[in-house]
K.L.:
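Quick one: this structure, given as structure tokens, is what I'll be asking you about.
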Number of protein chains: 2
Amino acid sequence: MTDDLETMDDKLTFARSCCPITNVLDTLGDKWTLLVIRDLVLGKSRYQELLSSPERIASNILADRLKKLEAAGLVIRQAYQQKPARYEYLLTEKGEGLKPVLGAIVAWGQEHYPGTMVFPAVERR
Amino acid sequence: MTDDLETMDDKLTFARSCCPITNVLDTLGDKWTLLVIRDLVLGKSRYQELLSSPERIASNILADRLKKLEAAGLVIRQAYQQKPARYEYLLTEKGEGLKPVLGAIVAWGQEHYPGTMVFPAVERR
DNA sequence: GTCGTTGCTTGCAATATGCAAGTAACAAAG
DNA sequence: CTTTGTTACTTGCATATTGCAAGCAACGAC
């Protein structure tokens, strides 16, 4: 069965399978990546802002996840200052497209984890 | 800030934060768990059925994830035969509640991973 | 010259993942 | 009675990932 799919279109090859969920999880399936997306959606954009979320992500993990999100086209890294060079991370349209996914997770999570609460957007500087 | 939350209601303590997304990811945030949920939604229920999905999950990982899903109340393990004892896994109502999450992931995934396709439900035996 | 800020990198220990083989409890077949 | 097959796992071990904590570079402020 998977043989057929592989020969069906050899321009399309998927790491694990042709299921959309599988492919999404190849990028987002860990404990931190969607939290980084959450923070970017909430308006955080700088490294220290992302580091300071209550979950206290490790710095090397944050750097790793941002790099992967950039490579996947969900995030762009752009300088907001030149000397010294300082960067902010912004969601692309593709990344913004994950809002309904976060929304669905929030809906299910609020129902099954009483007492949880959605974090507020950050004030723009 | 997190101090306040911690003292606010010490009956409610969360592993990493009080965000619903964080808590959901504590259970579901890896590459395999939502795929197991997907297969159960599609009607698979036995261990070999789950093992045989195209992604070829490792047996020890599948066993580990099913145990965790059972502990989290998303799945029940029940015997469908006594001698020898043989088990099937079924989603609970809580587990079924993840369908919108999978739906949102599929919607985003199909848009951004062209060529992916939703797997069909399995025929009931 | 020193200190602070920002965005990382690095070394290393702990934990998770996954390969491949193995196990147990049965029934069926010979 | 023995062998084989099925099913649902467990186990040992190598590899990969995670995360702690310290460190680094490039600036400006003092």
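Remember, predicted model here, so these are calculated numbers, not experimental data. Any value given below was found using the heavy atoms of this structure, including those in side chains, with hydrogens, waters and symmetry copies removed. Chain letters run A, B, ... following the sequence lines, proteins first and then strands; every chain starts at 1.
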K.L.:
Are A:Thr27 and A:Leu74 close enough that some pair of their side-chain heavy atoms sits under 4.5 Å apart?
P.N.:
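Side-chain contact under 4.5 Å: yes.
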
K.L.:
What is the first contacted nucleotide of DNA chain D and what is the last, in 5' to 3' order, if contact means an atom lying under 4.0 angstrom from a heavy atom of chain B?
P.N.:
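Contact span on the strand: D:dT6 to D:dT11.
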
K.L.:
Whole angstrom is fine here: how far is it from NZ in B:Lys83 over to P in C:dA28?
P.N.:
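Spelled out: NZ on B:Lys83 to P on C:dA28 is 13 Å.
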
K.L.:
Could you check B:Val101 against A:Val101 for side chain to side chain contact (heavy atoms under 4.5 Å, CB included), going step by step and ending with a plain yes or no?
P.N.:
CA-CA 6 Å; B:Val101 174; A:Val101 173; 5.6 Å; no

K.L.:
So, is A:Arg77 close to the C:dC8 phosphate, meaning a side-chain N or O under 4.0 Å from OP1 or OP2?
P.N.:
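Yes.
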
K.L.:
A side-chain contact here means heavy atoms from C-beta on lying under 4.5 Å apart; do B:Leu35 and B:Ile57 qualify?
P.N.:
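They are not in side-chain contact.
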
K.L.:
Just the rounded figure in Å: distance from C1' of C:dA25 to CZ of B:Arg86.
P.N.:
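Whole-Å distance recorded here is 8 Å.
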
K.L.:
Could you check whether B:Tyr87 gets within reach of a base, just the sugar-phosphate, or nothing at all, counting any heavy atom under 4.0 Å?
P.N.:
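Sugar-phosphate contact only.
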
K.L.:
When you measure from the centre of the six-membered ring of B:Tyr113, is the NZ or CZ of A:Lys94 closer than 6.0 Å and no more than 45° off the axis?
P.N.:
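Checked: cation-pi criterion met.
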
K.L.:
Please report the distance, rounded to the nearest Å, between CD in B:Gln82 and C1' in C:dA25.
P.N.:
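About 13 Å, once rounded to whole Å.
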
K.L.:
Donor-acceptor check, side chain of A:Ser45 to backbone of A:Tyr89, threshold 3.5 angstrom: yes or no?
P.N.:
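No.
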
K.L.:
Quick one: CD on A:Glu88 to CG on A:Leu50, what's the gap to the nearest 0.5 Å?
P.N.:
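Reported value, rounded in 0.5 Å steps: 11.0 Å.
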
K.L.:
Send over the distance from A:Tyr89 OH to C:dT6 P, rounded to a whole Å.
P.N.:
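It works out to 14 Å between those atoms.
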
K.L.:
Roughly how many Å is it from CG in A:Asp26 to P in C:dT17, rounded to a whole number?
P.N.:
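Distance, rounded to whole Å: 14 Å.
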
K.L.:
Between C:dT15 atom C1' and B:Asp30 atom CG, what is the distance in whole Å?
P.N.:
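Rounding to the nearest Å, CG of B:Asp30 and C1' of C:dT15 are 14 Å apart.
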
K.L.:
Any donor-acceptor pair under 3.5 Å linking the side chain of B:Thr116 with the backbone of A:Cys19?
P.N.:
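Checking the backbone N and O of A:Cys19 against the side chain of B:Thr116, no donor-acceptor pair under 3.5 Å is found.
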
K.L.:
Both B:Gln48 and B:Asn60 contact DNA chain D. Which one's nearest nucleotide lies toward the 5' end?
P.N.:
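Per heavy-atom nearest nucleotide, the more 5' residue is B:Gln48.
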
K.L.:
Counting only heavy atoms and a strict 4.0 angstrom limit, can you tell me which residues of residues 61-71 of chain B come near DNA chain C?
P.N.:
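Within residues 61-71 of chain B, the residues near DNA chain C are B:Ile61, B:Arg65.
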
K.L.:
Where each residue is assigned the nucleotide of DNA chain D containing its nearest heavy atom, which of A:Ser59 and A:Lys31 is assigned the position nearer the 5′ end?
P.N.:
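First, find each residue's nearest nucleotide; the 5'-ward one identifies A:Lys31.
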
K.L.:
Mind calculating the distance between CD (B:Glu55) and C1' (C:dG18) to the nearest angstrom?
P.N.:
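My rounded result for the distance is 15 Å.
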
K.L.:
Looking at A:Ser52, is its backbone amide N or carbonyl O close enough to the side chain of A:Glu49 to form a donor-acceptor pair, meaning the two atoms are under 3.5 Å apart?
P.N.:
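Answer holds: no.
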
K.L.:
Send over the distance from A:Glu88 CD to C:dC8 P, rounded to a whole Å.
P.N.:
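Taking CD of A:Glu88 and P of C:dC8, I get 12 Å after rounding.
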
K.L.:
Check whether the side chains of A:Ser53 and A:Asp39 place a donor and an acceptor atom closer than 3.5 Å, and report yes or no.
P.N.:
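A donor-acceptor contact under 3.5 Å links the two side chains.
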
